[in-house]
Amino acid sequence: MFTIEHDFDATVITLVDEGSSHLEEDVVIQGFEECVTVEQYDPREDMVVKIVLSMHQVQELAAALNLPEGVYRLKDRKA
């Protein structure tokens, strides 16, 4: 299950783990104009871990989800 909310300066997506076995904490993804953040609570450390991705990194991640194993570089669309 997931939710999508539109805040003033970000789109917030929350991924809820609904599996039947070992469940992980919710993942919160916030999309801003200049970056995307991914957050998840770590119960072992009792803190939220945050990763910040540039928009270029997000584009590469999206492309990587549909490619086979290998090393790639996206072409610059401006050129």
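Fair warning: this is a prediction, and the values are worked out from it, not measured in the lab.
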S.K.: Tell me whether M55 shares a hydrophobic cluster with I13, the cluster being built from Ile, Leu, Val, Met, Phe, Trp, Tyr side chains joined at under 4.5 Å.
M.R.: yes
S.K.: Near E33 CD, under 6.0 Å, is it more than 12 heavy atoms from other residues, nucleotides or ligands?
M.R.: no
S.K.: Using 0.5 Å steps for rounding, measure from the CG atom of L74 to the CD atom of Q59.
M.R.: 7.0 Å
S.K.: Quick one, I51 with T37, criterion side-chain contact (heavy atoms from CB on, under 4.5 Å). Give me CA distance, side-chain angles, the key distance, then yes/no.
M.R.: CA-CA 6 Å; I51 298 171; T37 63; over 6 Å; no
S.K.: Connecting only ILVMFWY residues whose side-chain heavy atoms lie within less than 4.5 Å of each other, what is the rest of F32's hydrophobic cluster?
M.R.: none
S.K.: To which residues is F8 joined in a hydrophobic cluster, defined by side-chain heavy-atom contacts under 4.5 Å among Ile, Leu, Val, Met, Phe, Trp and Tyr, whether direct or through other members?
M.R.: none
S.K.: For a 4.5 angstrom cut-off between non-hydrogen side-chain atoms, does Q30 reach V36?
M.R.: no
S.K.: If you group Ile, Leu, Val, Met, Phe, Trp and Tyr whenever their side-chain heavy atoms sit less than 4.5 Å apart, what else falls in with Y41?
M.R.: V48
S.K.: Does any pair with a residue in residues 60-73 pass side-chain hydrogen bond (donor to acceptor under 3.5 Å, both in side chains), and if so which ones, sequence neighbours excluded?
M.R.: H56-E60
S.K.: Measuring from L23:CG to D17:CG, what's the distance to the nearest 0.5 Å?
M.R.: 5.0 Å
S.K.: Residues sharing V12's hydrophobic cluster, by side-chain heavy-atom contacts under 4.5 Å among ILVMFWY, directly or via others?
M.R.: V28
S.K.: Taking a hydrophobic cluster as the set of Ile, Leu, Val, Met, Phe, Trp and Tyr residues connected by side-chain heavy atoms closer than 4.5 Å, whether directly or through intermediates, do L67 and L53 fall within one such cluster?
M.R.: no
S.K.: Go through the structure and list residues passing salt bridge (charged side-chain N to carboxylate O under 4.0 Å, His left out) with D42, not counting sequence neighbours.
M.R.: R44
S.K.: Would a distance-only check, ignoring hydrogens and angles, find a side-chain to backbone donor-acceptor pair under 3.5 Å from Q40 to V27?
M.R.: no
S.K.: Start with the C-alpha distance between L15 and I29, add both sets of side-chain angles, then the distance that settles side-chain contact (heavy atoms from CB on, under 4.5 Å), and finish with yes or no.
M.R.: CA-CA 8 Å; L15 306 175; I29 303 164; 4.0 Å; yes
